[in-house]
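The structure appears right after this line, and notes come after that.
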Amino acid sequence: MVTCYLRYVIHPYKAADFEAYARLWIPLVNRLGGTHHGYFLPHEGANNIAVALFSFPSLAAYENYRTRMATDSECQAAFDLAERSRCIVSYERSFMRPVLE
């Protein structure tokens, strides 16, 4: 299994737009073969950092998701929301593997 860790720098005055974006992606990732563990939005501390975590059985399964996502109309609509609202300033993507025992 591989887990994608996304660290976002968001526009602090557009947190509601980012939350709408996040709510779109959770079912999309699940529909396209992943397991979404949720988005984590600012609460205390920094007001411009958000995190998302989702897993796939393998890096190959993640790559398959990326290929399917590129032509999926609902995924493209989610990207368009972020682009129109400019709620995301930047992001970093890392892949991790779990240590289960």
Side-chain angles (χ1 to χ4, degrees):
M1 176 171 57
V2 63
T3 297
C4 183
Y5 166 86
L6 278 164
R7 180 184 183 274
Y8 293 93
V9 176
I10 64 171
H11 191 296
Y13 298 111
K14 296 182 179 184
D17 291 325
F18 182 80
E19 185 169 348
Y21 169 82
R23 289 182 186 280
L24 292 174
W25 276 108
I26 293 169
L28 292 173
V29 168
N30 293 334
R31 178 171 59 83
L32 294 175
T35 300
H36 209 297
H37 307 293
Y39 279 82
F40 302 86
L41 305 179
H43 183 68
E44 290 291 326
N47 69 348
N48 67 334
I49 302 299
V51 172
L53 296 166
F54 52 92
S55 298
F56 285 86
S58 65
L59 196 53
Y62 172 77
E63 292 300 332
N64 183 20
Y65 154 79
R66 295 278 298 180
T67 299
R68 293 174 60 202
M69 178 185 66
T71 59
D72 186 278
S73 62
E74 290 180 82
C75 293
Q76 296 311 307
F79 283 130
D80 289 346
L81 170 64
E83 189 173 317
R84 282 191 320 275
S85 69
R86 298 188 171 272
C87 61
I88 299 171
V89 176
S90 65
Y91 66 91
E92 300 169 3
R93 181 183 298 125
S94 298
F95 294 91
M96 301 179 177
R97 60 179 176 79
V99 176
L100 301 172
E101 288 191 43

- [ ] For Cys87 and Ile10, run side chain to side chain contact (heavy atoms under 4.5 Å, CB included): C-alpha distance rounded to whole Å, both residues' side-chain angles, the deciding distance at 0.1 Å, then the answer.
- [x] CA-CA 6 Å; Cys87 61; Ile10 64 171; 5.7 Å; no
Open item on the list: Under the criterion side chain to side chain contact (heavy atoms under 4.5 Å, CB included), I'd like the reasoning laid out for Arg7 against Ile49: C-alpha separation, chi angles, the key distance, then a yes or no.
Closed with: CA-CA 7 Å; Arg7 180 184 183 274; Ile49 302 299; 3.2 Å; yes
- [ ] For the pair Leu32 and Cys75, evaluate side chain to side chain contact (heavy atoms under 4.5 Å, CB included) and give the outcome as yes or no after the intermediate values.
- [x] CA-CA 10 Å; Leu32 294 175; Cys75 293; 3.7 Å; yes
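Under a cut-off of 6.0 angstrom, the local environment of CZ in Arg86 is sparse, with at most 12 non-hydrogen atoms contributed by other residues, nucleotides or ligands. Crowding of Glu83 atom CD: a count of heavy atoms from other residues, nucleotides or ligands under 6.0 Å not exceeding 12. With a 6.0 Å radius and a threshold of 12 heavy atoms from other residues, nucleotides or ligands, Arg93 has its CZ atom above the threshold. Around atom OH of Tyr91, no more than 12 heavy atoms belonging to other residues, nucleotides or ligands sit under 6.0 Å away.
Considering every non-hydrogen atom in both Glu74 and Arg31, the closest pair reads OE2-NH2, 3.2 Å. For the residue pair Pro42 and Ala50, the shortest heavy atom distance occurs at CD-CB, 4.4 Å.
How far CG of Leu59 is from CZ of Arg66: 11.0 Å, rounded to the nearest 0.5 Å. Met69 CE to Gln76 CD: the interatomic distance, rounded to the nearest 0.5 Å, is 7.5 Å.
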Please tabulate, for the side chains in residues 11-22, all donor-acceptor contacts under 3.5 angstrom to protein atoms that are two or more places apart in sequence or on a different chain.
unit_1: His11; atom_1: ND1; unit_2: Tyr13; atom_2: N; d: 3.1
unit_1: Lys14; atom_1: NZ; unit_2: Ser85; atom_2: O; d: 2.9
unit_1: Glu19; atom_1: OE2; unit_2: Arg23; atom_2: NE; d: 3.3
unit_1: Glu19; atom_1: OE2; unit_2: Arg23; atom_2: NH2; d: 2.7
unit_1: Tyr21; atom_1: OH; unit_2: Trp25; atom_2: NE1; d: 3.3

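Using a 4.5 Å cut-off between side-chain heavy atoms of Ile, Leu, Val, Met, Phe, Trp and Tyr, with links allowed through other members, Leu24 and Ile88 fall into the same hydrophobic cluster. Note on Val89: it does not cluster hydrophobically with Val51, by side-chain heavy-atom contacts below 4.5 Å among ILVMFWY residues. In terms of hydrophobic clustering, with Ile, Leu, Val, Met, Phe, Trp and Tyr side chains grouped at heavy-atom distances under 4.5 Å, Val2 and Tyr65 are assigned to a common cluster. Ile26 and Leu41 end up in the same hydrophobic cluster when Ile, Leu, Val, Met, Phe, Trp and Tyr side chains are linked at under 4.5 Å. At a threshold of 4.5 Å between side-chain heavy atoms, the hydrophobic network of Ile, Leu, Val, Met, Phe, Trp and Tyr places Met96 and Leu6 in two separate groups.
Residue pairs that meet the side chain to side chain donor-acceptor pair (under 3.5 Å) test with at least one member in residues 33-48, sequence neighbours left out, are His37-Ser55.
Residues Phe56 and Asn64 have side chains not in contact (no heavy-atom distance under 4.5 Å, counting atoms from C-beta outward).
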